[in-house]
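Read the numbers this way: they start at 1 and go in the same order the structure lists the ligands and their atoms. Residue indices begin at 1 and follow the sequence shown. Everything quoted here is computed from the prediction, not taken from an experiment.
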Amino acid sequence: MAITLKSAEEIDKMRVAGRLAADVLRMIEPYVVPGVTTDELDKICHDYIVDVQQAIPAPLNYRGFPKSICTSVNHQVCHGIPSSKVLKNGDVINIDITVIKEGYHGDTSRMFMVGKSTVQGERLSQIAYDCMKIGIQMIKPGVTLGDIGHAIQTHAESHNCSIVREYCGHGIGKVFHEDPQVLHYGKPGTGLVLEAGMTFTIEPMVNMGKRHVKLLKDDWTVVTKDHSLSAQWEHTNLVTADGYEILTEHPDWPL
Ligand code: MF3
Ligand code: CO
Ligand code: CO
């Protein structure tokens, strides 16, 4: 499938969708406390997206996914399904929000600390955040996806953490997951050369232990094989004439 370059009109719609996704993360933060279930977080987000934003939660029924958001706790890497699981003090959770507005997608996720945070949780979340940030700040025409993947991988590994290989960032627009695949590891000077008008996510998954993952029997939840802690942050980004624009940035939480 070809890589789509977005027109000015499409970019305007991507900005709207991106901002809505960011707003959901901002809205849900005060609810992420010990004692809440991930099902409760899912319902609050679902109702906010549908009733307040008049948008569509993209995960719901996407390839059979049963809920409106992804909630990945502790050693869960990504695509955790909201459930009756109760969050407890010291947990770390990634909440991943994708909304569709006027046919366009905005996709963003971040880590939250539940109750009093742990040193390990804060450390890993910070490393994953910095991986995302380093990648985003490299975006401009002429840079390759290999340049970006290599920088992200180098940062994680320099802190004795590992990058998950099986899941990656992606082009995004009218389609949730479109080309290109955005690997969070790689070799400088290889892969796609960025051009203005491309829109894609950067969403590194960083493990405290080894990089290997396994899929649970629910066919969605990805966990670390060694049960080590995992963290992820995600933004949807636009390549501009001279750099980048983060389409899912929230003014309260600048990069
Ligand atoms: N939001 C995820 C991503 O960053 C994809 C979730 S697909 C779902 O690409 F079906 F699990 F929701
Ligand atoms: Co994504
Ligand atoms: Co996402």
query = When you look for protein heavy atoms under 4.0 Å from ligand 1, which residues do they belong to?
reply = P59, Y62, F65, C70, H79, D96, T98, D107, H170, F176, H177, E203, W220, E234

key: Cluster check F200, I3: I/L/V/M/F/W/Y, side chain < 4.5 angstrom   = yes

key: Pairwise side-chain contact, N94 with F112, heavy-atom cut-off 4.5 Å (strictly under)   = no

inquiry  = Testing the basics here: between Q232 and V77, what is the closest heavy-atom pair and its distance to 0.1 Å?
reply    = OE1-O, 3.8 Å

Within-2.8 Å protein N/O/S contacts of the Co ion (ligand 3) = D96 OD1, D96 OD2, D107 OD1, E234 OE1

query = Side-chain heavy atoms under 4.5 angstrom apart, residues restricted to Ile, Leu, Val, Met, Phe, Trp, Tyr: same cluster for L5 and L145?
reply = yes

ask   = With sequence neighbours excluded, what pairs up with K13 under the side chain to side chain contact (heavy atoms under 4.5 Å, CB included) test?
value = E102, Y104

remark   = By side chain to side chain donor-acceptor pair (under 3.5 Å), Q137 pairs with (sequence neighbours left out) none

query = Is the Co ion (ligand 2) less than 2.8 Å from at least one N/O/S atom of H170?
reply = yes

message = If you define the side chain from C-beta out and look only at heavy atoms, does anything of H79 sit under 4.5 Å from S72?
response = no

inquiry  = Taking D179's backbone N and O only, do any of them form a donor-acceptor pair with H170's side chain (distance below 3.5 Å, no angle check)?
reply    = no

task = Specify the closest pair of heavy atoms between Y129 and P254, including all atoms of both residues, with the distance to one decimal.
result = OH-O, 3.8 Å

inquiry  = A side-chain contact here means heavy atoms from C-beta on lying under 4.5 Å apart; do E166 and M205 qualify?
reply    = no

